[in-house]
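All remarks here apply to the structure that follows.
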Amino acid sequence: MITAQTSASAEVTAIDSAARWPLLLLLVSAIKWLVLSGVLALIASIQLVQPTFLADCSVLTHGRTVAMQESIFIYGWAANAGLALALWVLGRLGGSPLRATNWIVGGTIAWNVAVTLGLIGIATGDATSIAFLQLPRYVQLMMVVAYGAIAVSGVLAWAGRRTEGTFAAQWYAVAALFLFPWLFTAAQMMLLWSPVRGTMQAVASGWFSQGVWTLWLAPLALAPAYYIVPKVTGKALPSYEFAPHSFWCLLVVGGFTGGRHLVGGPVPAWIASLAIVSCSLLLFHYFVVFMNLRAGFGRGSTASRLVAIGLLAYVFGGLVDSITAFRDIAAVTQFTFVEAAQQQLALYGGFTLILFGAIYYAVPRLVGKGWASGALVSAHAGLALLGVALLVVSLLAAGWAQGHDMLDEKISFPAIAAHMRTWLLVAVAAQGVLLLGNLLLFVNFLKTACPSAAAPAENPFRPPATMEATAS
Amino acid sequence: MKNGPIFFLGLFTALTLSWAGTVLLSNHQLGALSQYYDENESAAFPLHQPGLAARGQLVYADLGCAACHTQQVRRPDFGADQARGWGDRQSVARDYIFQSRVQLGATRIGPDLTNLAARKPAYDADDLMSLLYTGIIPGTKVLTHPPYKFLFDERPVVGQTSAQALKVATPAGSQIVPSERAQSLVSFLLSLKNTYDYPEARPMPAEKKEGEHGAKKEEAPAAKKEGEKK
Amino acid sequence: MSTPPNSDPRLEQAAVSDDSLLAAHEKLLGKKPDDQANYRLLPLNLLFVFSGLIFFAGTYLNLYSGHFDPHIYNEHGLPHKGGEVVKVLTPEEVIALGKKLFNNAACNTCHQANGLGVPAVYPPLAGSEWAVGSEERVIRIVLHGLMGKISVKGTEYPGSQAMPAFGKVAGSGYNWSDDKIAAVLTYVRSEWGNTAGPVTAAQVAATHAKEGDHKAWTADELTKLP
């Protein structure tokens, strides 16, 4: 496939070919889940403007559709894609081919079977109604075990690395691999197996859902981002000496944002206050990430541009999060679509766009040749950016109008719905755009990843140069 | 970040720190919250849910009603919750201690449901059944709620029409009867009444200056006692 | 390092190798002597930003956390000193409570719901000089009970059925708190045409403290009181 390069600085080596099939399996699962999640998101957004849409079908009532979509997005797309890229980064930076690849394959299959079973469970009425933990409890044990099987390979790659020092991408990847099982199991214990009493459930659920973002998904996004930006620009990260501080800030402070959505709620005031100050303290982390990775724009192609825009959305999302946490703003935006917009900005704008860029960067190295169709790559990237922008802006506008209307008790709920209708229709269009883009990605991925009978081309990878150790 | 075991220890500590700071500390305060015994009423509040209502809560959870409805009333200067008639006081932790699955909700596409059974004018079972079947808000012609026809059965009329049959237009000789799930769901909705006034739910005294916080709070109940003496 | 910008969407080229990436950043993290005294301003800025955020966090928590008290739901509140705040009733609520207690098979069985009593057995409360008279007497009657003859509105009642003790005293079957006694008395003194002033829990408590446990009073003993 690739002409063997004896130079030590070859771009694609045996590390990538060894990781090829397990990681491609993870990625194809991820993209398939993303498409399915897009279909469900489209259905859910149509139901918001037209309540009778599919209302007769008990499997697809709005509450269940939302639960299924959220679970597939997080545990289908985000988990599979994030794990694939985390393992890839750990493998490359570790300097040796990934070990325990059979475990990765077994774990991937088990994880996806569990998610499928959980999905069927939600559809037939076993949803737990807990945010980010909607999958029925009978599949969650299988998920933890499967995750452990996949993570083993990453931990081995890190522990058996060639260099003594480690790079920021590795810290984030290992943190994500290590923290999720603890987070997940603790939440299961507190909420499903031995539920805590009363509003403690809300506090525990808040800790879990904020932890899923700050302790798991954000690190899974930052790991490939930290790797790809310096690789493409060729320059060392300018504020790298603060990267460790930013890393620990995210992990330590991030967990304290648990009460973020309990502002004004039936819990003592300190829980929400603690979350509000934690969201503000996190601004340090976002600031350092921005300082380090702002060079992402520039000389790259689609992949690095997606990563850069994703990082911008990530940082911006953090800023919006901390602003809307304050009680004066929350009095207007709480319980409205503004919170949905924030979530989409973080999960789609931040996490997903970065992962798209990372997938576009990594897959050629895994298969040894470029993507099958450049047109599909550009089309998908354009549709993704358009869709995310439309979605976030429309939800923000709908939520802002909704929030102000709700403050006036003379405006009835049907009237509020009528005011929001136009924006929600734009959101439907945005979901359609995103779904179309993801279908293109899926097609392109299958064309690229499936082995073709064509004669292998010459090595398309330019031999990389050496990085200077000066910060710009 | 070089030393393996120490790095993992650091990660674990970071997680445990946030868990202890938010979850453990809250659990210490809220985890063993019990009923409030009112001497004068000789009863403890909140009251336990009736069994059918407890089952209805599970139906509420599995249909994902929390995706559009909240179950928490905020205080008067924080939104228009009480002005909209959703409750006379804010919700406190004690309101939820007997719920098996607390679903505070995070979005208000539909109204808040905390005190649905205490609204004026009151909803009765027929109103709620009709809302669930047709999606039309009782008293209006507006369809804003998804109609859950799968919660109801269409049955032939044998002899008399069932007492539970909905008052909707049906083909001759058949009637629409709520299923068990609909009945338990409506029973749950009609049990949603958190009107007992706990001490911690009382509104704060309006004006206070920096140094007088503690003193002022003592004064407020004392002032009320003065009123009683006269 | 002037690599030509890449514009092929199908393949993003890497500019540097993994080894050099790791090595370069490792050097950046390591301690190196600042030979030319080129201390960059950025680290100082970040330090200020971080300190500022910590200061803000501390101030916010001090002002808006209710000192981590579990009973404070309003972030502007502070925990009050000195125990639980007891629920305080409005005057209307006191009378309503008194009425409920009166009719809860406690008083109405004998004195009847209309306050007229049973002739020659139970004295009436409507217009009774004992009920609307001195608080000291009527509090004691309810607290410790009454036995023996009593003259009410000119009629003698033989006292064949003694009035039981209602307060938290020895031998009481009811063990009503001072609040409840005050509520019932307030109700009695304002119902059926009675227009005497209310009785407060404080007055009941004072009397209770003064007398402690006492056997049932007689009318003679009570008339000696002010």
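Reckoned from all heavy atoms, side chains included, excluding hydrogens, waters and symmetry mates.
Side-chain atoms of His245(A) and Phe50(C), non-hydrogen and from C-beta on, never get closer than 4.5 Å to each other. Side-chain contact check for Arg365(A) versus Leu11(C): some heavy-atom pair is nearer than 4.5 Å. Side chains of Ile72(C) and Trp270(A) form no contact here, defined as non-hydrogen atoms less than 4.5 Å apart. In this structure, Glu12(C) and Lys231(A) have side chains that are not in contact, with every pair of non-hydrogen atoms separated by 4.5 Å or more. No side-chain heavy atom of Leu237(A) sits less than 4.5 Å from a side-chain heavy atom of Leu28(C).
The contact between Phe326(A) and chain C is made entirely by side chain atoms (from C-beta outward), counting heavy-atom distances below 4.5 Å. Proximity to chain A (any heavy atom under 4.5 Å) is restricted, for Leu22(C), to the side chain, taken from C-beta onward. Neither the backbone nor the side chain of Ala168(A) comes within contact range of chain C, judged by heavy atoms closer than 4.5 Å. Only the side chain of Val288(A) comes within contact range of chain C, with at least one heavy atom under 4.5 Å from a heavy atom of that chain.
Atom NE2 in His25(C) sits 6.0 Å away from atom OH in Tyr240(A) (nearest 0.5 Å). The CZ atom of Phe242(A) sits 7.0 Å away from the CG atom of Leu47(C) when rounded to the nearest 0.5 Å. Summarising the geometry, atom NZ belonging to Lys235(A) is positioned 14.0 Å from atom CG belonging to Leu21(C); distances are rounded to the nearest 0.5 Å. Taking OH of Tyr227(A) as the start and CG of Asp18(C) as the end, the distance is 3.0 Å to the nearest 0.5 Å.
When the candidates Gly264(A), Cys249(A), Pro266(A) are compared by the number of heavy-atom contacts under 4.5 Å with chain C, Pro266(A) comes out ahead.
Between the side chain of Glu75(C) and the backbone N or O of Ala269(A), no donor-acceptor pair lies under 3.5 Å. Within the 3.5 Å criterion, the main-chain N or O of Arg462(A) finds a donor-acceptor partner in the side chain of Gln13(C).
Nearest heavy-atom pair, Arg10(C) versus Ser373(A), reported as atom, atom and distance to 0.1 Å: CG-C, 3.9 Å. Closest non-hydrogen pair, Pro9(C) versus Gly374(A), comes out as CG-O, 3.7 Å.
Applying the salt bridge (charged side-chain N to carboxylate O under 4.0 Å, His left out) test to Asp178(C) and every residue at least two apart in sequence or in another chain returns nothing. The side-chain hydrogen bond (donor to acceptor under 3.5 Å, both in side chains) test applied to Trp371(A) returns no partner, not counting sequence neighbours.
Heavy atoms from other residues, nucleotides or ligands lying under 6.0 Å from CZ of Phe290(A) number 12 at most. By the 6.0 Å contact criterion, OH on Tyr64(C) is open, its count of non-hydrogen atoms from other residues, nucleotides or ligands being 12 or less.
Within residues 136-146 of chain C, no residue has a heavy atom under 4.5 Å from a heavy atom of chain A. Near-neighbour residues of residues 271-283 of chain A relative to chain C, defined by a heavy atom under 4.5 Å from a heavy atom of that chain, comprise Ser273(A), Leu274(A), Ile276(A), Val277(A), Ser280(A), Leu281(A), Leu283(A).
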